[in-house]
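Encoded as structure tokens, the structure appears first; notes follow it.
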2 protein chains.
Amino acid sequence: MPRAGLGPATVIAAGADLADEVGFDALTMGLLAERLGVRTPSLYRHVESLDALRRGIALQAKRELGDEAARAAVGRAGPDAVHAFADAYRRWARDHPGRYTASLRAPAAGDEEDRRVSDESVRALFAVVAGFGLHDDDAVDAARALRSAMHGFASLESAGAFGLPRDVDRSYHALIDTLVSGLRAGSPRSAGT
Amino acid sequence: MPRAGLGPATVIAAGADLADEVGFDALTMGLLAERLGVRTPSLYRHVESLDALRRGIALQAKRELGDEAARAAVGRAGPDAVHAFADAYRRWARDHPGRYTASLRAPAAGDEEDRRVSDESVRALFAVVAGFGLHDDDAVDAARALRSAMHGFASLESAGAFGLPRDVDRSYHALIDTLVSGLRAGSPRSAGT
DNA sequence: GCTTTTAGCTAATCACATTAGCTTCTGTCC
DNA sequence: GGACAGAAGCTAATGTGATTAGCTAAAAGC
């Protein structure tokens, strides 16, 4: 029997693809093995466990999502950059439902690599926010606000939570617009409230 | 052997409590049975399956969260009402991590009761938004924006995604403030963008 | 060609969900 | 007060999916 020529990277990549098809939670070692033309136990030569596989997919997804959104904002500034970033974020989430779910996994306590990758993916967002002249606490608030909004919207949308007929694209645009307007208002935030 | 006096409601309620302790995904029939002082198969007298149990917990959670947030906004109006609603939402999510995860389950296709409960929980939010004089598409956009923001923030927070030292309460307040300001601006949204 | 390494395999174990079928409370009807 | 129907619990058994043990043979280094 000729060998399949697998490796950790191949297995994780195939797992990510499969997760997009059947859902991150429905991903099973048996299913993935079948997809790769191999018997289930053989996968354990390349990944330590199902949990390790999930972690690998999560890391890959975080990197991909971060890169994709960051790339979209390159060469743009201000509101334009935010919209490009936000649109790319949502599109990626929609196009890769399994990976997106994976990307939401919080790093396990003590998992330095995962924490680093997760932080990394936020850096691009900070860069975009910095274009508004926000600093320190205001920049953190703004980045958190944008991240919450993008994640919340994408997550509700992928869960099918928006039942009403109103155009979802427009609602998203309106949300991002509102936040952008808030950013423009400058930093009257750090004082009061 | 004296009977335990269980019933669907008791079992689901205990399941919700247990989910808050061990995590919604780690909830297992065996664990719940042990908690109730009963052998695993006995639970099947009261709930059809693990999936039905999860659905029951989700329904209960959606009702509780909706009620809690709605109650907080009673007797208030405008920005005040939004903040009260949003604070109650986040507090509940933080105090009931297992239930909160459950509440995010999208209704299965064709599950009318679940859909109704889910819709119901959004109604209170619409009422709050209506206080700003928004109608139709603008009201939908506003409700979606608030929901996305609250959910996104609560979800990222509960996943431990906010690593920086900046006070998380303040960031949340800033986010809600920004959205409220956007609402106040009226409805210049439906036209452009 | 020979040895070492190691990918992939089969067989076996384990954890949990779930089903089948038996036993024993419990409330109700006489 | 006792007999009965129905339901609540139980034990035993099945099935699926993860994981481990140990064997075999393909690949790589010599």
Side-chain angles (χ1 to χ4, degrees), chain A residues 1-61 97-99 101-102 105 108 111 114, chain B residues 1-61 97-99 101-102 105 108 111 114:
Chain A
M1 62 205 105
R3 294 202 180 170
L6 302 179
T10 333
V11 171
I12 288 173
D17 286 345
L18 190 52
D20 282 337
E21 291 169 35
V22 304
F24 187 61
D25 291 333
L27 182 62
T28 194
M29 293 300 261
L31 212 51
L32 179 54
E34 183 181 7
R35 165 67 58 98
L36 290 167
V38 135
R39 298 312 186 105
T40 305
S42 304
L43 293 183
Y44 288 83
R45 291 281 167 193
H46 309 292
V47 292
E48 216 172 63
S49 66
L50 175 61
D51 200 62
L53 171 66
R54 293 212 182 104
R55 173 179 176 278
I57 296 174
L59 284 185
Q60 182 188 316
R99 288 163 150 91
T101 301
R105 262 174 60 114
D111 187 336
D114 195 342
Chain B
M1 63 208 100
R3 294 202 178 168
L6 302 179
T10 333
V11 171
I12 288 171
D17 286 346
L18 191 51
D20 282 337
E21 293 169 34
V22 305
F24 187 62
D25 292 331
L27 182 62
T28 193
M29 293 299 258
L31 213 50
L32 179 53
E34 184 181 6
R35 164 68 56 99
L36 289 167
V38 135
R39 297 313 186 102
T40 307
S42 305
L43 293 182
Y44 288 83
R45 291 282 166 190
H46 310 291
V47 293
E48 217 172 61
S49 65
L50 174 62
D51 200 61
L53 171 66
R54 293 212 182 104
R55 173 180 176 277
I57 296 174
L59 285 185
Q60 182 188 316
R99 287 163 151 93
T101 301
R105 262 175 58 115
D111 186 337
D114 195 345

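Only a predicted model underlies this, so the values are computations on that prediction, with no experimental measurement involved. So you know, we letter chains A, B, ... as the sequences are listed, proteins then strands, and number each from 1.
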So which protein N/O to nucleotides 4-7 of chain D N/O distances come out below 3.5 Å?
{"from": "D:dA7", "atom 1": "N3", "to": "B:Arg3", "atom 2": "NH2", "distance (Å)": "3.2"}

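- The line from CG of B:Leu36 to OG1 of B:Thr10 is 8.0 Å long, rounded to the nearest 0.5 Å.
- The side chain to side chain contact (heavy atoms under 4.5 Å, CB included) test applied to B:Ser42 returns B:Val38, B:Arg39, not counting sequence neighbours.
- Remark: P of D:dG15 and CE of B:Met29 are 19 Å apart, rounded to the nearest angstrom.
- Pairs engaging residues 4-16 of chain B under the salt bridge (Lys or Arg N to Asp or Glu O under 4.0 Å) rule: none recorded [sequence neighbours left out].
- Evaluation of the side chain to side chain contact (heavy atoms under 4.5 Å, CB included) rule for A:Thr28 yields A:Leu31 as partners, not counting sequence neighbours.
- Shown for residues 6-27 of chain A: no residue has heavy atoms falling under 4.0 angstrom of DNA chain D.
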With a 3.5 Å cut-off and sequence neighbours excluded, list the donor-acceptor pairs that the side chains of residues 44-60 of chain A form with protein atoms.
{"from": "A:Ser49", "atom 1": "OG", "to": "A:Asp51", "atom 2": "N", "distance (Å)": "3.3"}
{"from": "A:Ser49", "atom 1": "OG", "to": "A:Ala52", "atom 2": "N", "distance (Å)": "3.1"}
{"from": "A:Arg55", "atom 1": "NE", "to": "A:Asp111", "atom 2": "OD2", "distance (Å)": "2.5"}
{"from": "A:Arg55", "atom 1": "NH2", "to": "A:Asp111", "atom 2": "OD1", "distance (Å)": "3.2"}
{"from": "A:Arg55", "atom 1": "NH2", "to": "A:Asp111", "atom 2": "OD2", "distance (Å)": "3.4"}
{"from": "A:Arg55", "atom 1": "NH2", "to": "A:Glu113", "atom 2": "OE1", "distance (Å)": "3.0"}
{"from": "A:Gln60", "atom 1": "NE2", "to": "A:Glu64", "atom 2": "OE2", "distance (Å)": "2.7"}

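- Atom CD in B:Glu48 sits about 10 Å away from atom P in C:dT18, given to the nearest Å.
- Listed by residue number, the members of residues 37-44 of chain B with any heavy atom below 4.0 angstrom from DNA chain C are B:Thr40, B:Pro41, B:Tyr44.
- Within residues 49-60 of chain A, the residues that place at least one heavy atom under 4.0 Å from DNA chain D are, in residue-number order, A:Ser49, A:Leu50.
- Closest approach of A:Ala102 and A:Phe24 over heavy atoms only: CB-CE1, 3.5 Å.
- Residues in residues 4-31 of chain A take part in these salt bridge (Lys or Arg N to Asp or Glu O under 4.0 Å) pairs, two or more places apart or across chains: A:Asp17-A:Arg99, A:Asp20-A:Arg99, A:Glu21-A:Arg35.
- Put simply, A:His46 has a side-chain N or O that comes within less than 4.0 Å of OP1 or OP2 on C:dG8.
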